[in-house]
Colleague: 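The structure is given below, and queries will be raised subsequently.
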Amino acid sequence: MKKVAIVMGSASDKPIALDAVKTLEEYGVPSVVRVLSAHRTPQEARDFTLSLEAQDVGAVIALAGMAAHLAGAVAANTVLPVIGVPVASGGLGGLDALLSTVQMPSGIPVATVAVGGAKNAAILAVQILAVSDMDLRDRLTKKRADMRAAVLQADKEINEALNAREA
Ligand code: RP5
């Protein structure tokens with residue numbers, strides 16, 4: 001199975017990055033996790049990006065806050081799909097990172113998720129790998145069925161509670 005690379009711009013991004021690691025684990029997808037900065041370690045970030053295909057990585061998740069250039073810098077050096085996760089680490093609640101991550105110039109896309117949206121980034125990475133992996137497709141379908149069952153159960157419980165109150 002292909003791996004997913006998770007790269008974060010700072011160790012301070014670790015709590016958000018761990019959401020992605022845990023979600024990938026739920027789907028049984030192996031990950032490679034690094035702390036590398038577009039600004040503080042530009043050479044290492046580039047070297048890592050250039051090594052991704054040799055490591056059998058199929059998709060990349062890049063998390064960064066503030067002037068968040070990491071996802072774009074990774075995307076500049078690979079044709080693998082890159083998912084950007086803006087992190088709320090500055091004084092602007094993550095809006096700075098969201099705009100820095102999403103506003104890529106034409107030709108070099110970054111699939112940007114919500115501020116702090118590491119879980120969805122991981123699920124999107126699984127969906128990318130699942131295009132050529134039927135086993136992963138089955139796992140995704142089962143999770144959707146589990147989510148549906150949980151919502152329907154909550155719907156049933158709230159109505160039972162409300163009806164009991166009225167009776
Ligand atoms: C970004 O700047 C990092 O991704 C982090 O979210 C933010 C702050 O980094 P630290 O100053 O906490 O290392 O590069």
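Counting starts at 1 for both ligands and their atoms, in listed order. Start at 1 with the first residue, then count along the sequence.
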Colleague: Suppose we measure from atom 8 (C) of ligand 1 to each protein heavy atom; which comes out shortest, and what is that distance?
Modeller: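 It is Met66 SD, 3.9 Å.
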
Colleague: Measuring only between side-chain heavy atoms, which start at C-beta, is Thr112 closer than 4.5 Å to Pro86?
Modeller: yes

Colleague: Consider every N or O of Ser10 and every N or O of ligand 1, then say whether any pair is closer than 3.5 Å.
Modeller: yes

Colleague: For ligand 1, find out whether one of its N or O atoms is nearer than 3.5 Å to an N or O atom of Arg40.
Modeller: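 In this structure, Arg40 places an N or O atom under 3.5 Å from an N or O of ligand 1.
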
Colleague: I'd like to know whether Glu53 forms a side chain to side chain contact (heavy atoms under 4.5 Å, CB included) with Val79, so could you lay out the CA-CA distance, the side-chain angles of the two residues, the decisive distance to 0.1 Å, and finally the verdict.
Modeller: CA-CA 10 Å; Glu53 293 196 42; Val79 293; 4.2 Å; yes

Colleague: Please report which non-hydrogen protein atom sits nearest to atom 7 (C) of ligand 1, along with the residue it belongs to and the distance in Å to one decimal place.
Modeller: Ser89 OG, 3.4 Å

Colleague: Suppose I only count heavy atoms of Ala64 and a 4.0 Å limit; which atoms of ligand 1 are within that range?
Modeller: 4 (O)

Colleague: What do the steps show when you test Arg34 against Glu44 for salt bridge (Lys or Arg N to Asp or Glu O under 4.0 Å), and what is the final call?
Modeller: CA-CA 10 Å; Arg34 298 290 304 269; Glu44 288 82 357; over 6 Å; no

Colleague: Whether the side chain of Lys3 engages the backbone of Gln55 through a donor-acceptor N/O pair (distance < 3.5 Å, no angle test) should be reported.
Modeller: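 Yes, because the side chain of Lys3 sits within donor-acceptor range (under 3.5 Å) of the backbone of Gln55.
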
Colleague: Short N/O distance, under 3.5 Å, between Gly65 and ligand 1?
Modeller: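 Yes; at least one N/O pair falls below 3.5 Å.
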
Colleague: Do you know which two heavy atoms are closest between Leu136 and Ala130, and how far apart they sit?
Modeller: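 Minimum heavy-atom contact is CB-CB, 3.8 Å.
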
Colleague: For atom 12 (O) of ligand 1, what's the nearest protein heavy-atom neighbour? Residue, atom name and distance, please.
Modeller: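 The closest heavy atom on the protein side is Ser12 OG, 2.7 Å.
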
Colleague: Which heavy atom of the protein is the closest neighbour of atom 5 (C) of ligand 1, given with residue, atom name and distance?
Modeller: Asp13 OD1, 3.4 Å

Colleague: Taking all atoms of both residues into account, what is the closest heavy-atom pair of Val110 and Ile83, and its distance?
Modeller: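 Closest pair (atom of Val110, atom of Ile83, distance): CG1-C, 4.3 Å.
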
